[in-house]
Amino acid sequence: MADESKGTEVVLKEKTTEVKRAWADEAEEAETSLTTPAVESEDPKLELDSLSIKDEGADSNKILLLDEPNESDIQTVTSGDTVYTSATTFEELNLSPELLRGLYAEMRFKVPSKIQAVSLPMILTPPYKNLIAQAHNGSGKTTCFVLGMLSRVDPKRKVPQALCICPTRELAIQNQEVLLKMGKHTGISSMCAVPEDSSRYIPIMKRPPVTDQVVIGTPGTIKKWMSAKKLSTRDVKILVFDEADHMLAEDGFKDDSLRIMKDIERNSSGCQILLFSATFNDTVKEFVSRVVKDGNQLFVKKEELSLDSVKQYKVYCPDELAKIQVIKDKIFELGQKWGQCIIFVRTKNSATMLYNALENYGYDCTSIHGNIEQALRDKMVKEFKDGLTKVLISTDLLARGFDQAQVNLVVNFDLPVKYNSPEPDYEVYLHRIGRAGRFGRKGAVFNLLCTDKDEKIMQEIEKYFNHQTSTVRDWQINEAFEDALKDAGLL
DNA sequence: GTAGGCC
C-alpha cells in the first residue's frame, strides 16, 4: 500500500446564490442566460493558489468540512507543485478562438460554473495531470471534459487523440452532440463508438480504421475496436471516464475500464486521465484514487449532494395498483403543472407492465430499457428531447447523465436497490433525482412506497444523505399533489 | 428471467 503522497486537503467555499446562476451549461435557455447578469459572487476568485500546499503528509493543515446547509463545499486535493487559479472567465483558459466561439455563439455560455472554474485550469494547465472530479448533478461536468478533449486535440493530425468512455449508448450519443456543438468551429472530427443497429451492421474486419480525432463510446465497442486494431490508442493524449464511479465499480464496468486504461498506458506515452461523476462512494473513491495516481482530486461531501432546488416527497401507497393509480390520476391529471417527467422502474418487465397499463387507460407515454432495439431507443430519446412526449418510463438506463432541461418531475415507481442485495442504491437514487432540476432549476420527486421494505429503504436513503423528505399527505387526494408541486416551486 | 454493456 505505497500510499501516493497527497497534498493537503482543503475546502473551497462558495455561497450558493439563489435561483438565477449564470451556469455555463444552461444552453437550452439562451433567452434567460443572455439576460442574466454575470455571476453575482462577492468573492469570485477562488484562491486556489493559497490552497495548493505541498506534500507534507501531516494532518496539521487539514481543514475540516462544514455542514452549513446553504454552502456548497468542494474538497480538493492537489498533487505536485502546480498552482491553479480558478477561472472567472473562459478567456483566461488560453482556448483557441474557434473554441471560444463555440462556447459563446453555439453553447451560449457566459461564465464558467463552479466546477468548471475550478477543474478547467487543472485539466488545461501543463503538465497535464490526472483528475478525479466530483460535482453536483447538472452543474456542468460535461463541459469540463468536452472542453478538455477539444483543447488537447491537434486539429492537423487525423488520428484519435481523445477518448471518452460512457456507461450507456444514450450518454455516448449525448456527449458527442455536446462535443459537436461546442467544437463546431474547430473542425475537429468525432466518432461515436456504440454497437451498430442490426440493420446496418458492418463486420469489424470490414471497417476502416478510425481516423476521427475524438472517439466517444461504450466500453464493449471501444474494447472491440481496440482489439481488432481499428482504433489506435498510440496518439491518445486524454482519456475520459464519464460516470466514472460506475465505470470503475466492481459491479459496474471495472474490468472493461481497467483493460482500456492499461492498453492506452502501454501504447501511448503520458495520457491524461479524467474521471467525472456526481457520486463516488467510499469504496470506489478509495479504488479510483489508487488506480488514477498522482492526480488532482475534487470531492463533495455526500450530505451536500442533494440538490436544494429539487424537492423530494414520499407517497405512501397501500399496494402496487395504487402506485399505478397515482401515476394515472395524479401525475398525468396534473400534467399542466409540470414540464416533462421520467418515471423510474427497477426492471425491464415493470417498464413494459407500467407502459401497457397506462396505454390501456389511454395515456400517452413511452417506455425505454435495454431490451428495446437501438433504433427505437434513439427514436424515443429524440422524441422526448424534442418535447413530443411528456412522460418517459425508464429503467436505470437513463438514471445517469441524461440531460433534458424540461424534466422537472421524477417519479420513483420503484426505489433503487443494489444488484444482488436488498440494500438501497444511494448513488442511483441521487442520479435519478438529478434528472430533474438541471442547472439549478426547480424540480420535484415523488417516491412511491408501498411495503415496509420500501419505507425502510427510503429511511436509509434519507439518513445517508442526511436529508429529510416530505410526505404527500394522502395518495388519493389531488390537492395533496398540487400542494407538493406548489411547495416545490413548480406552479 | 434483477440494469447496463459486449460476443
Side-chain angles (χ1 to χ4, degrees), chain A residues 163-176 192-198 201-207 215-231 240-261 263 277 279 281 284 320 342-355 367-374 376-378 380-381 392-402 410 412-435 451 453-454 457:
Chain A
L163 202 54
C164 174
I165 326 281
C166 317
T168 63
R169 304 169 195 187
E170 281 69 18
L171 209 44
I173 294 166
Q174 180 179 286
N175 285 337
Q176 191 198 16
C192 206
V194 298
E196 299 285 334
D197 197 43
S198 53
Y201 173 76
I202 307 167
I204 181 72
M205 284 321 183
K206 296 201 170 166
R207 297 186 68 100
V215 179
I216 304 177
T218 47
T221 304
I222 298 267
K223 223 174 53 174
K224 185 171 143 188
W225 289 11
M226 275 170 35
S227 55
K229 305 288 178 197
K230 298 294 185 182
L231 174 57
V240 178
F241 287 93
D242 194 8
E243 308 299 339
D245 61 324
H246 189 231
M247 299 309 294
L248 286 154
E250 199 71 61
D251 61 347
F253 299 102
K254 185 179 166 186
D255 294 346
D256 286 348
S257 297
L258 287 181
R259 231 184 101 179
I260 293 169
M261 236 187 251
D263 193 280
S277 183
T279 53
N281 69 34
V284 180
E320 288 281 325
I342 302 180
I343 303 172
F344 285 106
V345 294
R346 192 173 65 91
T347 66
K348 298 167 189 169
N349 274 341
S350 38
T352 308
M353 179 278 299
L354 183 57
Y355 172 77
S367 159
I368 191 170
H369 57 73
N371 283 0
I372 307 269
E373 70 169 295
Q374 191 56 39
L376 216 49
R377 277 166 63 163
D378 294 346
M380 284 191 284
V381 166
L392 185 51
I393 300 166
S394 176
T395 57
D396 284 325
L397 174 65
L398 295 186
R400 284 170 174 266
F402 184 68
V410 163
N412 282 322
F413 190 84
D414 303 307
L415 290 174
V417 288
K418 290 209 168 84
Y419 188 82
N420 251 338
S421 126
E423 252 187 292
D425 194 324
Y426 304 106
E427 284 71 36
V428 168
Y429 180 83
L430 200 81
H431 284 280
R432 283 182 180 187
I433 71 173
R435 294 321 97 209
T451 61
K453 222 177 88 186
D454 288 342
I457 291 170

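Every chain is numbered from 1, with letters handed out A, B, ... down the list of sequences.
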Hey, does the side chain of [X] come within less than 4.0 Å of [N]'s phosphate (OP1/OP2), counting only N and O?
X        : N     : answer
A:Thr221 : B:dG5 : no
A:Thr168 : B:dG4 : no
A:Arg400 : B:dG4 : no
A:Lys418 : B:dT2 : no

Of the listed nucleotides [options], the one nearest the side chain of [X]:
X        : options             : value
A:Pro195 : B:dC6, B:dA3, B:dG5 : B:dC6
A:Lys224 : B:dG5, B:dA3, B:dC7 : B:dC7
A:Arg377 : B:dG5, B:dC6, B:dA3 : B:dG5
A:Arg346 : B:dC6, B:dA3, B:dT2 : B:dT2

What is the distance, rounded to the nearest whole Å, between atom [atom1] of [X] and atom [atom2] of [N]?
X        : N     : atom1 : atom2 : answer
A:Asp255 : B:dG4 : CG    : C1'   : 14 Å
A:Asp242 : B:dG4 : CG    : P     : 18 Å
A:Asp245 : B:dA3 : CG    : P     : 20 Å
A:Lys348 : B:dA3 : NZ    : P     : 5 Å
A:Asp396 : B:dG4 : CG    : P     : 8 Å
A:Arg169 : B:dA3 : CZ    : P     : 15 Å
A:Ile260 : B:dC6 : CD1   : P     : 10 Å

- Looking at A:Leu398, A:Asp396, A:Thr395, which hits side chain to side chain contact (heavy atoms under 4.5 Å, CB included) with A:His369? A:Thr395

- Item | Lys/Arg-Asp/Glu bridge criterion (N-O < 4.0 Å) met for A:Lys224, A:Asp256 | no

- Check: A:Thr221 side chain, A:Thr218 main-chain N or O, donor-acceptor pair, under 3.5 Å: no

- Message: For the NZ atom on A:Lys453, are there more than 12 heavy atoms of other groups (residues, nucleotides or ligands in this structure) within a distance under 6.0 Å?
- Response: no

- Task: Output all residues satisfying side chain to side chain donor-acceptor pair (under 3.5 Å) with A:Arg207, sequence neighbours left out; order by chain, then residue number.
- Result: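 So A:Arg207 forms a side chain to side chain donor-acceptor pair (under 3.5 Å) with A:Glu196.
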
